[in-house]
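When reading the values below, keep in mind they use all heavy atoms of this one structure, side chains included, and skip hydrogens, waters and symmetry mates.
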Amino acid sequence: MKPLHIFNSLHRKKQPFTPIVEGKVGLYVCGMTVYDFCHIGHARVMVVFDVVARYFKYLGYEVNYVRNITDIDDKIINRAIEAGEDFSQLTQRFIAEMHQDETSLNVQKPDLEPLATESMNDIILMIETLIDKQHAYLGPNNDVYYAVESFANYGQLSGRKLDDMNAGERVEVDANKRNPFDFVLWKSAKAGEPAWPSPWGAGRPGWHIECSAMSTRCLGNHFDIHGGGMDLQFPHHENEIAQSEAATGECFVNTWMHNGFVRIDDEKMSKSLGNFFTVREVLKQYRGEEIRFFVLSSHYRSPLNYSDEQLNESRAALERLYTALRNVTPAANPDKSDYIQRFEAAMNDDFNTAKALSVMFECANELNKLKSTDPEKAAKTATDLLTMAEPLGLLNQDPETYLQSSTGDDVAIDNDVITLKINQRLQAKADKNWALADQIRDELSQQGVILEDKGVQTTWRRN
RNA sequence: GGCUGAGUGGCAGAGUGGUUAUGCAGCGGCCUGCAAAGCCGUAAACAGCGGUUCGAUUCCGCUCUCAGCCUCCA
């Protein structure tokens with residue numbers, strides 16, 4: 001079978017993955033700026049790279065997954081002023097909210113979650129190095145800037161040349177900079193702003209330097225994979241490369257991975273456009289696992305169109321998989337089945353989760369058949385299905401529990417009431433009072449409860 | 001202006017130089033008191049125009065359309 005291939009944004013093609021250290025992988029992902037609730041776009045990053053980390057573990061790698069938290073920047077400061085609270089109270093609150101969303105989405109914790117505010121020493125050291133090496137300078141306004149012209153390879157990741165770009169396309173050119181594309185490494189504080197001491201006076205780090213400093217501290221000068229949303233490719237990741245490679249003189253990252261956007265009505269979901277849904281909002285209507293399935297139903301580099309219809313399809317799809325797993329006790333399967341092999345082939349092809357899921361559906365189809373014809377083989381096939389689901393972070397609940405769980409935070413009919421109604425209906429059925437039996441079933445159906453008769457027994461699920 | 005990526009059946013979404021994706025929805029059956037779930041069968045697609053080829057949805061070129069980036073952004 002072909003080994004794992006990953007699309008490397010740096011070279012715009014799929015390449016076989018070769019770890020720097022045999023059997024280990026260092027993965028750094030740009031995380032959230034914590035001044036608000038996570039939206040579905042953030043959820044996509046969380047889920048996609050959670051699957052990347054899980055699949056590496058599945059392949060037997062020792063994974064060191066680092067995802068930073070940006071807990072100081074202009075937006076945080078502004079939001080804290082609006083809310084009339086200390087910026088660190090604000091960020092702590094939204095860090096907790098983010099962790100809650102991750103739990104809802106069955107996203108495993110990264111191994112390390114460094115904070116910008118706890119990385120000041122590393123940041124300042126790196127800026128000093130950059131100044132010493134003439135890659136950075138102190139502007140007339142006392143801000144420290146990175147000099148993009150000092151780095152020969154500037155533009156390699158985003159595939160653009162300094163001359164080709166339109167300076168001031170959206171933002172006015174800053175006269176303190178020598179080149180309009182120079183970017184801030186250290187920003188001096190205005191009165192009342194949160195600030196840390198530095199050789200250039202009290203201030204705070206620019207956005208890009210924190211990731212260079214934190215990734216280097218956690219994973220070394222040169223590591224395997226760096227990921228994030230497509231929109232970070234330029235300037236954020238371009239600038240990280242410039243900073244890190246200029247400071248250390250070493251290659252920074254081997255493989256760059258960028259996930260596509262979530263869209264609404266064919267338009268990028270973003271805070272600035274205001275067309276975003278928070279994870280919290282969607283959880284009012286859908287299960288966390290349904291959101292997760294939705295994210296994985298298309299390839300991570302493709303756009304993902306958000307709509308209720310899509311979420312409803314994810315619901316139906318998960319229902320099918322969990323239904324297949326009902327009434328089977330999985331048993332160890334020592335053989336690597338054809339399904340597992342095709343699943344791995346799909347995942348090895350740049351984490352093709354959409355194709356991997358299609359293999360799971362074929363497996364579920366066979367499982368449904370085997371349940372009545374060959375229980376022993378069914379038990380093994382169930383294990384196959386669960387084996388594939390694990391690196392995707394799916395199907396980790398008991399099937400019956402999942403199918404009967406409420407489909408959102410909204411108030412739903414109580415389990416005890418359902419049981420009561422079912423018993424009433426069983427009596428009606430025994431009396432051959434079909435009209436009453438159907439009426440009860442219809443009533444429950446209107447409240448999202450589906451009944452399924454199996455001989456003298458009735459099972460139920462919510463949808 | 002520069003640079004990316006994409007256009008697949010009713011919807012979503014993989015993939016491939018010649019043979020079933022998969023899920024949902026549809027149609028016909030089996031099962032069921034009737035349903036639901038499940039199973040079996042079935043139909044339907046590759047933006048347009050050229051080119052390469054015995055053969056292209058798949059490779060190449062052009063056109064059209066859409067999306068993204070060009071210092072807020074996942």
Is it the case that the ring center of [Y] lies less than 6.0 angstrom away from the ring center of [X]?
X      : Y      : value
A/F252 : A/F223 : yes
A/Y154 : A/F151 : no
A/F277 : A/H39  : no

Extract from the structure each pairing of a protein N or O with an N or O of nucleotides 65-67 of chain B at less than 3.5 Å, listing the distance.
{"residue": "B/A67", "atom": "O2'", "partner": "A/R263", "partner atom": "NH2", "Å": "3.2"}

For nucleotides [N] and [M], find the distance between their [atom1] atoms and express it as a whole number of Å.
N     : M     : atom1 : value
B/A14 : B/G9  : C1'   : 14 Å
B/G5  : B/C62 : P     : 14 Å
B/A45 : B/A36 : C1'   : 32 Å
B/A56 : B/G61 : C1'   : 15 Å
B/C11 : B/A47 : P     : 14 Å
B/A74 : B/U65 : P     : 32 Å
B/U57 : B/C46 : C1'   : 4 Å
B/C60 : B/U52 : C1'   : 7 Å

Exercise. Which residue, A/S298 or A/T323, contacts RNA chain B at a nucleotide closer to its 5' end, judged by nearest heavy atom?
Worked result: A/S298

Exercise. A/N368 or A/G159: which one's nearest nucleotide on RNA chain B is closer to the 5' end?
Worked result: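 Closer to the 5' end of RNA chain B: A/G159.
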
Exercise. Can you list the stems that RNA chain B is part of, where a stem is at least 3 pairs in a row, each Watson-Crick or G-U, with both distances below 3.5 Å?
Worked result: B:1-7 with B:64-70, B:10-12 with B:22-24, B:26-30 with B:38-42, B:47-51 with B:59-63

Which pairs, protein N/O on one side and nucleotides 9-12 of chain B N/O on the other, fall under 3.5 Å?
{"residue": "B/C11", "atom": "O2'", "partner": "A/E309", "partner atom": "OE2", "Å": "3.4"}
{"residue": "B/C11", "atom": "O2", "partner": "A/E313", "partner atom": "OE2", "Å": "3.2"}
{"residue": "B/A12", "atom": "O3'", "partner": "A/Q310", "partner atom": "NE2", "Å": "3.2"}
{"residue": "B/A12", "atom": "O2'", "partner": "A/Q310", "partner atom": "OE1", "Å": "3.0"}
{"residue": "B/A12", "atom": "O2'", "partner": "A/Q310", "partner atom": "NE2", "Å": "3.3"}

Exercise. For A/I225, does its backbone N or O pair with a side-chain atom of A/T255 as donor and acceptor, under 3.5 Å?
Worked result: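 Absent.
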
For this session: Compare the minimum distances between each of B/A74, B/G23, B/C73 and the side chain of A/S270, then state the nucleotide with the smallest one.
Result: B/C73

Seminar exercise, completed: Among B/C40, B/U4, B/A74, the one nearest any side-chain atom of A/R12 is B/U4

For this session: Go through A/Q397 and A/E289 one step at a time and tell me if the side chain to side chain donor-acceptor pair (under 3.5 Å) criterion holds.
Result: CA-CA 10 Å; A/Q397 303 180 55; A/E289 192 165 352; 3.0 Å; yes

Exercise. Heavy atoms under 4.0 Å, any strand shown: does A/F183 hit a base, just sugar-phosphate, or nothing?
Worked result: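 If one applies the 4.0 Å heavy-atom cut-off, A/F183 turns out to touch nothing in the nucleic acid.
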
For this session: Assign A/V184 to base, sugar-phosphate, or nothing according to its heavy-atom contacts below 4.0 angstrom with the strands shown.
Result: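 Answer is nothing: A/V184 stays at 4.0 Å or more from every strand.
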
Counting only heavy atoms not in [X], do more than 12 sit closer than 6.0 Å to its [atom1] atom?
X      : atom1 : answer
A/D265 : CG    : no
A/K377 : NZ    : no
A/K187 : NZ    : no

Value in whole Å for how far the [atom2] atom of [N] lies from [atom1] of [X]:
X      : N     : atom1 : atom2 : value
A/H258 : B/C73 : NE2   : P     : 13 Å
A/N259 : B/C69 : CG    : C1'   : 15 Å
A/N275 : B/C72 : CG    : P     : 17 Å
A/F234 : B/A74 : CZ    : C1'   : 17 Å
A/N352 : B/G23 : CG    : C1'   : 15 Å
A/D231 : B/C70 : CG    : P     : 9 Å
A/R342 : B/G15 : CZ    : C1'   : 12 Å
A/L304 : B/A74 : CG    : P     : 17 Å

Exercise. Does OP1 or OP2 of B/U22 have a side-chain N or O of A/N365 closer than 4.0 Å?
Worked result: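 False: A/N365 side-chain N/O out of range (4.0 Å or more) of B/U22 OP1/OP2.
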
Exercise. Within less than 4.0 Å of OP1 or OP2 of B/C39, is there a side-chain N or O belonging to A/R320?
Worked result: yes

Exercise. Of the residues in residues 433-454 of chain A, which ones touch RNA chain B at a heavy-atom distance under 4.0 Å?
Worked result: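 Residues of residues 433-454 of chain A that come under 4.0 Å of RNA chain B are, in numerical order, A/W434, A/D438, A/R441, A/I450, A/L451, A/E452, A/D453.
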
Problem set entry | Residue pairs fulfilling salt bridge (charged side-chain N to carboxylate O under 4.0 Å, His left out) with at least one residue in residues 449-463 of chain A, sequence neighbours excluded | A/E319-A/R461, A/R326-A/E452, A/R425-A/D453, A/K429-A/D453, A/E452-A/R461

Problem set entry | salt bridge (charged side-chain N to carboxylate O under 4.0 Å, His left out) contacts touching residues 349-365 of chain A (sequence neighbours left out) |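 Non-adjacent pairs meeting salt bridge (charged side-chain N to carboxylate O under 4.0 Å, His left out): A/K14-A/D349, A/R301-A/D350, A/R342-A/E362.
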
Seminar exercise, completed: Looking only at heavy atoms, the pair that brings A/D101 and A/C38 closest together is OD2-CB, 3.6 Å

For this session: Run the salt-bridge test on A/D266 and A/R263 with the 4.0 Å N-O cut-off and return the result as yes or no.
Result: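 Result for this pair is yes, salt bridge flagged.
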
For this session: On the 0 to 90° scale, with breaks at 30° and 60°, tag the A/F293-A/F361 ring pair as parallel, tilted or perpendicular.
Result: perpendicular

Does [X] count as lying over the ring of [Y], i.e. NZ or CZ under 6.0 Å from the six-ring centre, within 45 degrees of the axis?
X      : Y      : value
A/R287 : A/Y402 : yes
A/R160 : A/F234 : yes
A/K109 : A/Y65  : no

For this session: Indicate, yes or no, whether a donor-acceptor pair under 3.5 Å links the base of B/C72 to the side chain of A/S272.
Result: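 Flag set: donor-acceptor pair detected.
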
